[in-house]
Amino acid sequence: MSRVAVHATEDRAQLGITMMLAAWFFFSLIDTSVKWLVLAGLPALQLAFMRYFAHFFISTALVLRGGADWERFKTAKPGWVLFRAYLLTASTALNFIALLYLPLTVTAAIMFTSPILVCLLAWPMLGERAGPWRIFGICMGFVGVLVVMRPFGAEFHWAMLLSLHNALALALYSIITRKLSGVVATETMQFYMGAFGTAVLLPFAIWQWTNPQTALDWAIMILLGVWGWAGHELLTRAHRYAAANTLMPYAYSFLIFLTISSYVIWGHIPDLYTMLGAAIITASGLLIWARERRRQVAV
């Protein structure tokens with residue numbers, strides 16, 4: 001059992017919501033910065049490595065605050081902790097590749113089918129059966145994805161499939177995070193996430209390494225891991241203070257953050273289909289959230 005302190009879940013919804021908004025702001029900084037750097041010619045997998053290397057350095061230092069005791073790195077749920085780390089590492093690397101080809105708003109819109117997939121996966125994984133309204137919300141969400149992707153039109157790009165994979169990975173990640181919250185210490189989950197991502201992506205970083213051309217690009221590349229650690233620290237802790245169904249609607253702030261940064265930096269305005277699809281996906285996610293809240297109140 002890990003000697004790092006494990007905190008039980010608490011009912012402090014306001015604090016959890018604030019942490020959730022801050023987490024998604026940091027995640028928007030990562031996607032915006034990666035878009036900037038890949039367009040400047042830096043390899044996506046090198047950036048993914050840097051995102052996890054700095055994360056690993058910070059999380060290791062935090063775990064070792066109480067001394068260099070290997071017991072502090074132990075966890076009672078190693079399989080789930082490593083699978084969680086794998087899901088995030090894979091989705092990060094593939095998202096960075098997708099950002100080379102797709103606008104920020106498109107990758108974000110597709111990724112936000114993740115809460116809908118959480119509802120779909122909750123039945124086999126958590127035994128939570130979906131009623132007719134939630135099934136309708138799931139179907140509605142996939143209609144929104146089709147509107148954004150337009151799979152049979154000229155606008156379709158293969159990188160959209162990477163974003164769809166990432167939505168599934170993040171749905172599984174969300175379910176596992178909630179299962180582990182209050183059981184495995186946040187610091188322990190953060191450490192294994194950073195260690196796994198660093199180890200897996202190191203060979204790709206060495207093979208493709210390209211030096212940034214400016215001091216600003218160097219700074220942004222180094223900060224990727226800091227923002228990643230901060231975002232996941234806040235996201236994990238938010239689930240300790242509020243239920244996932246309470247936090248879920250605030251994740252859509254990510255779309256707002258990315259729309260603003262995309263316009264300010266590149267002057268990009270989402271096209272009609274992207275906005276319509278994103279609206280349908282958001283509405284479906286909120287419908288599922290509302291029905292889940294109503295079910296909990298009834299219970």
Decide whether Leu202 and Ile58 are clustered together by the hydrophobic rule: side chain heavy atoms of Ile, Leu, Val, Met, Phe, Trp, Tyr closer than 4.5 Å, transitively.
yes

Just checking Phe25: does its CZ atom have more than 12 heavy atoms from other residues, nucleotides or ligands closer to it than 6.0 angstrom?
no

Kindly determine whether His157 and Leu102 satisfy side chain to side chain contact (heavy atoms under 4.5 Å, CB included), including the steps that lead there.
CA-CA 8 Å; His157 194 286; Leu102 302 174; 3.9 Å; yes

Is it the case that more than 12 heavy atoms not belonging to Trp207 sit under 6.0 Å from its CH2 atom?
no

Looking only at side-chain N and O atoms, does Trp218 offer a donor or acceptor that is under 3.5 Å from a partner on Asn211?
no

Going hydrophobic residue to hydrophobic residue with side-chain gaps under 4.5 angstrom, can you get from Met275 over to Phe156?
no

Spacing of OG1 belonging to Thr113 relative to CG belonging to Asn166, to within rounding of 0.5 Å
9.5 Å

Leu87 versus Leu170: any side-chain heavy-atom pair under 4.5 Å?
no

Is Phe191 close to Phe56 at the side-chain level, that is, under 4.5 Å between some pair of heavy atoms?
yes

Candidate pair Ser33 and Leu224, rule side chain to side chain contact (heavy atoms under 4.5 Å, CB included), full reasoning:
CA-CA 8 Å; Ser33 299; Leu224 290 176; 3.8 Å; yes

Over all atoms of both residues, closest heavy-atom pair of Ala108 and Leu255:
CB-CD2, 3.6 Å

Validation row: Pro103, Thr274 side chains within 4.5 angstrom (heavy atoms)
no

Looking only at non-hydrogen atoms, find the nearest pair between Ala93 and Ala48 and report the distance.
CA-CB, 4.1 Å

Donor-acceptor pair, distance only, cut-off 3.5 Å: does the side chain of Thr107 make one with the backbone of Thr105?
no

Give the C-alpha distance, both sets of side-chain angles, the deciding distance and a yes or no for side chain to side chain contact (heavy atoms under 4.5 Å, CB included) between Val148 and Tyr273.
CA-CA 6 Å; Val148 173; Tyr273 286 99; over 6 Å; no

Walk me through it: do Trp24 and Phe112 pass the test ring pair (Phe, Tyr, Trp, His ring centres under 6.0 Å)?
CA-CA 12 Å; Trp24 285 106; Phe112 268 100; 5.5 Å; yes

Hey, does Leu162 have a side-chain heavy atom less than 4.5 Å from the side chain of Phe96?
no

Could you walk me through whether Ser91 and Leu88 pass the side chain to side chain contact (heavy atoms under 4.5 Å, CB included) check?
CA-CA 5 Å; Ser91 64; Leu88 195 67; 3.9 Å; yes

Between CZ of Phe57 and OG1 of Thr198, what distance do you get to the nearest 0.5 Å?
12.0 Å

Can you confirm whether Phe142 is buried at CZ, in the sense that more than 12 heavy atoms of other residues, nucleotides or ligands lie under 6.0 Å from that atom?
yes

Is it true that Leu161 and Leu146 fall in one hydrophobic cluster, defined by side-chain heavy atoms closer than 4.5 Å?
no

Would you mind reporting whether Leu39 and Trp266 have side-chain heavy atoms less than 4.5 Å apart?
yes

Relative to each other, are the rings of Phe196 and Tyr86 parallel, tilted or perpendicular (30° and 60° limits)?
perpendicular

Are the side chain of Gln46 and the backbone N or O of Phe204 linked by a donor-acceptor pair below 3.5 Å?
no

Evaluate whether atom CD of Gln213 has more than 12 neighbouring non-hydrogen atoms of other residues, nucleotides or ligands under 6.0 angstrom away.
no

Nearest-0.5 Å distance that lies between atom CD1 in Ile30 and atom OG1 in Thr92
7.5 Å

Is the shortest heavy-atom distance from the side chain of Trp227 to the side chain of Arg51 under 4.5 Å?
no

Identify the heavy atoms of Gly16 and Ala238 that sit nearest to each other, and give their distance.
O-CB, 3.4 Å

Are the side chain of Ser114 and the backbone of Ala171 linked by a donor-acceptor contact shorter than 3.5 Å?
yes

Could you check whether any side-chain heavy atom of Thr32 comes within less than 4.5 Å of a side-chain heavy atom of Ser262, counting everything from C-beta outward?
no

Do Met193 and Tyr52 have side-chain heavy atoms sitting under 4.5 Å apart?
yes

The reported gap from OG in Ser163 to CD1 in Ile97 (rounded to nearest 0.5 angstrom) is 11.0 Å

Restricting to non-hydrogen atoms, name the atom on Ile281 and the atom on Ile116 that form the minimum distance, rounded to 0.1 Å.
O-CD1, 3.9 Å

Hey, what do you get for CG (Leu100) to CG (Leu47), rounding to the nearest 0.5 Å?
10.5 Å

Do you know which two heavy atoms are closest between Gly231 and Ala23, and how far apart they sit?
O-CB, 3.3 Å

For the student: nearest non-hydrogen atoms of Gly41 and Thr210, plus distance
O-CG2, 4.5 Å

Which value, rounded to the nearest 0.5 Å, describes the distance between Leu272 atom CG and Leu276 atom CG?
6.0 Å

